[in-house]
Structures are given as C-alpha cells and as structure tokens.
Amino acid sequence: MHSFLVAEIQKALRSASVTTGQSIIIEKPTSPKFGDYATNIAFLAAKELKRNPRQLAEELTGHFGFPEGTVTKIEVAGPGFINFFMEPAFIMQSAERVFRDGVEYGKGSEGAGKTAIVEYVSANPTGPLTIGRGRGGVLGDCIANLAEAQGYRVNREYYFNDAGRQMQILGESVRYRYLELCGRSVDFPDTHYKGLYIGEIAEKIYSEHGEGLLQDESIEPFRSEAESIIFSSIQKTLGRLGIVHDSFFNEHTLYTADQNGISPNQQVIDRLRENGFIGQYDGATWFLTTKLGQEKDKVLIKSSGEPSYRLPDIAYHLTKYARGFDMIINVFGADHIDEYPDVLEALKILGHDTTKVRIAINQFVTTTVNGETVKMSTRKGNADLLDDLIDDVGPDATRLFFIMRSKDSHLNFDVDLAKKQSKDNPVFYFHYAHARICSLLRLAWSEIGFDAAKLPEHGILMRLRAPEELQLAFGILDFGDVSRSAFRMLEPQKMVDYMHAIAELFHRFYQECPILKAEPEIAEARLFLAVAVRQVLQNGFRILGISAPESM
RNA sequence: GUGCCCGUAGCUCAAUGGAUAGAGCAUCAGCCUUCUAAGCUGAGGGUUACUGGUUCGAGUCCAGUCGGGCACACCA
C-alpha cells in the first residue's frame, strides 16, 4: 500500500512538472476525518521551490490518476496536507496478499543479494551472562532477524578475548577457591571475581584432580577449565533465548602473524603510521586522535609492549570489511559508548566507507521485584543473572520485555509483571490473540470443515464491510512498512508496538463480529481474515523470536 | 569537569519536524446461557522539566538552565 501510494504521488508530481529532491513520506493521520493516508510532500516541495504549500497541494490533486476502485477521495487540508481516502474494497483486497505470500509476507528487498554482519553479546567468558547483557543479546538477535526480513544474508557474530588480563584474573580467582578447598587459608584479593560460579568451577577441578594441582604454580589449568565451563554456560543461556551465533571471533587471532609475517594488529599500526596518526612517547605507541580534535591521544600499544583493547578492535573491524560485508552492525551496551568513535575514525583514515557501519547502543536495565526497583550491579558477585531471570519469567517474556522499550531508554524490567499469566502482561496478550485464532480454526474445521490451509478465492475479503474488519485488514497492510522502518532505525520496539496494535484489532474484531454463527459466505470470509491475522502474528513473532502457542 | 542517553498522565512507556500528544497498568462505570471474559466498550486523568531560538508547523531540531543515568586507564 505504501509503495503503491508513493508511486502514484511520484506520477502526479511528474504530471504537474514538479521536481523535488524530497523523498515522499506517507503517514497515517491522527484522525479518520483526515483520511486513511496522508502526505506532506507539498510542504517539502514548496519550501524547496519557494512556493505556497496549500496552492501546490491543490495543484497536485488535479494530477492524480488513481486506478478505478482504489481511492475514493483526495483532499487538501490545513496548510497543505494531501489526504487520501481509500476504497474499502481495495483495502480488503490488498490484504489478501497475505495468503499468497505466507511466511514471506512483509519481507523487503533492500538487502537482496547483500550480506550483513551483526555483532552482539560479545561478552568475554569471565562469568555468566547478566541481565544487562541479555538486553543487548536480544536486541542484536532481533536486529539480525529484521535484517534477514529485508533480504540480507546475515552473519551473527560473537567477538571475544580469552587471553586478556581479565581472563588471567579469572584463572587466579578459581585457583584461590581451589586452594581454599585444599584447606589452605588464602587472602582473596578485592580485584578478583567473587561470584558463586568461581567456587563451583573450583569444586569441579577439585573433584577431578584432588590436591594434584596444589604444587603447580601455573594458573593455566584453572583459566582454561574456567573458560570452557563459562563459555558453554553462556551459549546454553543464549540458546534458551533462541540466540545462536554463526561465528565466534577470537581476538587472539589478531595477534598472530599472517603469511607475510605481520599480525593484523601490526598492520593497523603500520597503516596508521603511513597516514601520520601514530606517535611514540612515554614508552607507548599512541593513536594521535588529538589531530582529529579529541582531547587526548589513545594508547594502542602499552609501554609493556602489549596492545590495548583499542588496537585489536580496529583490526577486528578491518576484517569485517575484508570479509566483504555490505552492512556492518554492532550492538553493545552504554558502557562501551566511548569505544566506537575511535574505531570509526581509524577506519575512515584507512580509507573505508564508514556509512556501512551502524551502531546500536542499548541503555541499562533495572529490575523491579516485589514493587521495588533494584539497580544492576555488574561487578562483584551479586549481579543479576540472565539465567535466573529466564527461570523466573520464561524465554518469551524475557525476550519481549527486553525489546518492548526503545533501546535509548533505560529499561525497567518488571519481573512481577512478566510473571503474571494475565492480560496485564503483553506476552500473554499477543499469545492469546494467536491461540484464539488457532482455537477458532480448529472449531471451524470440526464444525463446518473449513480448511485454513487452502487458498481462498480471489476477492473473498471484499465481502466484509464492518469497521472492525476494515481496520483489521488496514492494520495488516502495515506489516512490511513497520518491519522495514524498524530495521532502518535498528529499533525492534517498533515491531512490538505494531504487534500490540494487531492483537488489539483482532480482539476487537473477535468481540464484535460473530464468525461461525454468521451467514456461511460471511463466516468463510471472516475465517480467512483470521487466517491472515494468524500469518501476520506468526511472521512478527518470528522477528521478535517468541513462540506462537496454538492453545492456552 | 568533558562526552553520550534520558526527562511526556499517579506508574511503565509511545509519538520518521505534522493536524485534537497516544497506549497499557492503576481508578471509576458497563458487557459472558452465545466461536477462549487470559477478552471487549466507555469515563476521568497533560502548561511534554524550565527559558529562549529556528519555521507554515516543535514533545521532536538548536542554545542555555535544572534533574536522573552511563562512560571518561598504558582494564576489556
């Protein structure tokens, strides 16, 4: 519907010999008296052409040539809006596209033949995933789904470092607990990890090796055992939410030399130096970001000779270009906000097109339990664990609650609400709409032999005229637009809002329009309308990554 | 102190620079002998933190003020 109107407006602009660089925006008016769709193109073009918007709008209306039976009225309103009133039968008929497209309904083509990499989660294996990380994980996963819906071939990647200082500390932490198990008294440093899982890993090692590792000063056995246990637990947790990565990129590979004997890290240094952005002082190697107007230079290689995290970050992003992705999407939490500008600057200096890179930053999470808001504490041992949350409210509520707010807003995760098996809980509102349709269709099959799997005859929905039916069909038409704009904005929350609207429209339709008890012709059309809604709900659930229960 | 995010109904949040700022919860009033009432209908509730500016039009953009969050290492 969207593209239909855009095309017709373009035709009218050409016919009226109005040339404008403005892109055409279709919006839904706030009130039905302003029509079904509206455009503000007259304002935009008028400004560009220095003309009166109202006059231009009126002139344009004379140049529209909508096909018979599509638009009933075109109206200029206010200072220059052009409002379109659609023929109800045209709306009903347009909605029948759902039957033809099925699971493909609402998919876009802007990513056809293109590839995208979405990097998300990327937690180092130093401990179990926290609730805060969960938000980024679900956000990234939904963005990846949205990219796929636009036709991109998507690579979901997890970037990690198992060789850094934090991992060293992890190994030491486990060893301390192990020593305790062996009956040694230890002075556990404040800088080390104190989570319960550390003790559990130590216990596992103790049960396998007894006191056999006591004399060995090396922490390597502790570090590697901890890494493998934690990494598999992280993947297990993500798996519970349906999050599965295609690739895991180990930061350490950026330190090892390629066939030319130069590591990716070193290549970054060399190439930045060629461009005059590398300096040496205080015994360290610096990225001269002050040349770019920043307050301080950034260390790339510490005086100890080790790279800081910034260097491999840049090298890592270079591999994303080298691997040929058309779009590069990074998802991370607000605590990494300072990280990406430097990386982008470096990429630009090295001659890469940074418009390919999109960054989605999600704000932090607080949780509300028993009406009390608890602030997340990510350090120390008392962080809220994602696994506990999933245990508590289930995977669907976990996913939906993480994305039902804009990523730019701080999220208040109301655990009590998510647990409620009632209408207050949006998860159940969505599920209920789907289950209601399934139940209806089961009954229709057993009572009148209605086959929901068969294709309806062309024009069947045109039998329907009730306002609830029209609005529902009208809503179905928006699915593709919402999906596309949710992707462009990297904002799955738009899709959640839309799903709520569809569920609401369906519940109203169901309430007001008898289906099985209606005249057979009407009953059949209404059943097919329900089939269409079910398809849209399922397609939306797929993007959000939540289940579609057939009964409740 | 500097950078980024936020400030909208009692609460949690919407609103690609558009028309009368919308949902849900909570409150109040209705709707089940009838396809799942886990639902539907209606009512009340607002100086969009504040002050200026930009323009046909500002919750949205710009400047400043106030308030909340996050980040500001030769940690990752």
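Side-chain atoms are counted along with the backbone in the values below, which use heavy atoms only and exclude waters and symmetry mates. Letters A, B, ... are given to chains in the order of the sequence lines, protein chains preceding strands, and every chain is numbered from 1.
The aromatic ring centroids of Tyr158(A) and Phe249(A) lie 6.0 Å or more from each other.
Of the two residues near RNA chain B, Arg442(A) and Ile82(A), the one whose nearest nucleotide lies more 5' is Ile82(A). Residues Lys296(A) and Ala503(A) both approach RNA chain B. Their nearest nucleotides, taken by heavy-atom distance, put Ala503(A) toward the 5′ side.
Residue Arg405(A) has its side chain nearest to rA14(B) when only rC35(B), rC74(B), rA14(B) are considered. Side-chain atoms of Gln511(A) lie closest to rC31(B) of the nucleotides rC31(B), rC70(B), rC56(B). Among the nucleotides rA14(B), rC5(B), rU36(B), the one closest to any side-chain atom of Ser551(A) is rU36(B). In the set rC5(B), rA76(B), rG24(B), rG24(B) carries the atom at the smallest distance from any side-chain atom of Glu504(A). Across rA37(B), rC35(B), rA76(B), the shortest atom-to-atom separation from the side chain of Tyr432(A) is found for rA37(B). Side-chain proximity of Ala334(A) to rC70(B), rG18(B), rA76(B): nearest is rC70(B). The side chain of Trp286(A) sits closest to rC74(B) out of rC40(B), rC74(B), rG18(B).
Distances shown here put every side-chain N or O of Tyr510(A) at or beyond 4.0 Å from the OP1 or OP2 atom of rU41(B). Dashed line: the shortest gap from a side-chain N or O of Thr285(A) to OP1 or OP2 of rC74(B) is not under 4.0 Å. Distances shorter than 4.0 Å separate none of the side-chain N or O atoms of Arg310(A) from OP1 or OP2 on rA73(B).
When atom types are taken as modelled, the side chain of Asn250(A) and the backbone of His252(A) share a donor-acceptor pair closer than 3.5 angstrom. Ser409(A) places no side-chain N or O within donor-acceptor distance of the main-chain N or O of Leu411(A), the cut-off being under 3.5 Å.
Using a 4.0 Å heavy-atom criterion, one finds that Glu27(A) contacts the bases of the nucleic acid, with or without backbone contacts as well. Among the atoms of the strands shown, only primed sugar atoms or phosphate atoms (P, OP1, OP2) are found under 4.0 Å from some heavy atom of His500(A). Here Asn83(A) lies in heavy-atom contact (under 4.0 Å) with a base. Among the heavy atoms of the strands lying under 4.0 Å from Pro514(A) is at least one base atom, whether or not backbone atoms are also near. Counting non-hydrogen atoms under 4.0 angstrom, Asp282(A) reaches a base of the nucleic acid. Across all strands shown, Ala38(A) has heavy atoms under 4.0 Å from base atoms, whether or not it also approaches the sugar-phosphate. Among the atoms of the strands shown, only primed sugar atoms or phosphate atoms (P, OP1, OP2) are found under 4.0 Å from some heavy atom of Leu443(A). At a threshold of 4.0 angstrom between heavy atoms, the contacts of Ser409(A) are confined to the sugar-phosphate backbone, with no base atom among them. Residue Asn124(A) is in sugar-phosphate contact alone, with no base atom involved, counting any heavy-atom pair closer than 4.0 Å across all strands shown. Heavy atoms of Ala435(A) sit under 4.0 angstrom from at least one base atom. The residue Glu447(A) sits apart from the nucleic acid: no heavy atom pair falls under 4.0 Å. Among the atoms of the strands shown, none is found under 4.0 Å from any heavy atom of Cys438(A). Ser406(A) comes within 4.0 angstrom of the backbone, heavy atoms only, and of no base.
In this structure, Gln280(A) places its CD atom where more than 12 heavy-atom neighbours from other residues, nucleotides or ligands lie under 6.0 Å away. For Glu48(A), the CD atom is densely surrounded, since the number of other residues' heavy atoms within 6.0 Å is greater than 12.
The base of rC74(B) sits with one of its N or O atoms less than 3.5 Å from a complementary donor or acceptor on the side chain of Ser303(A). Between the side chain of Lys33(A) and the base of rU20(B) there is at least one donor-acceptor pair of N/O atoms closer than 3.5 Å.
Taken to the nearest 0.5 Å, the CG atom of Leu49(A) stands 7.0 Å off from the CG atom of Leu56(A).
Summarising the base pairing, rA63(B) is matched to rU51(B) through a Watson-Crick or G-U wobble pair whose two defining distances lie under 3.5 Å. Across all strands shown, nothing is found opposite rG45(B) as a Watson-Crick or G-U wobble partner with both distances under 3.5 Å. The base-pairing partner of rU34(B), taking Watson-Crick or G-U wobble contacts with both distances under 3.5 Å, does not exist among the strands shown. Nucleotide rG1(B) forms a pair with rC72(B), judged by Watson-Crick or G-U wobble geometry with both contacts under 3.5 Å. Across every strand in view, rG10(B) sits in a pair with rC25(B) that passes the Watson-Crick or G-U test at under 3.5 angstrom. Using the Watson-Crick or G-U wobble rule with both distances under 3.5 Å, rC56(B) pairs with rG18(B).
Residue side chain Phe364(A) fails the stacking definition with respect to rG69(B), as its ring centre and the base's six-membered ring centre are not both under 5.5 angstrom apart and under 30 degrees in plane angle. Stacking of Phe81(A) onto the six-membered ring of rA19(B) is present: less than 5.5 angstrom between centres, less than 30° between planes.
Rounded to whole Å, the separation between the P atoms of rU55(B) and rA14(B) comes to 30 Å. Taking atom C1' in both rG46(B) and rA9(B), the straight-line distance is 6 Å, to the nearest Å.
rC40(B) has its base anti relative to the sugar, with a glycosidic angle deviating from 0 by more than 90°.
Between Glu306(A) and Arg165(A) there is no salt bridge, since no side-chain N of the basic residue sits under 4.0 Å from a carboxylate O of the acidic one. With respect to the salt-bridge test (charged N to carboxylate O, under 4.0 angstrom), the residues Asp478(A) and Lys28(A) qualify.
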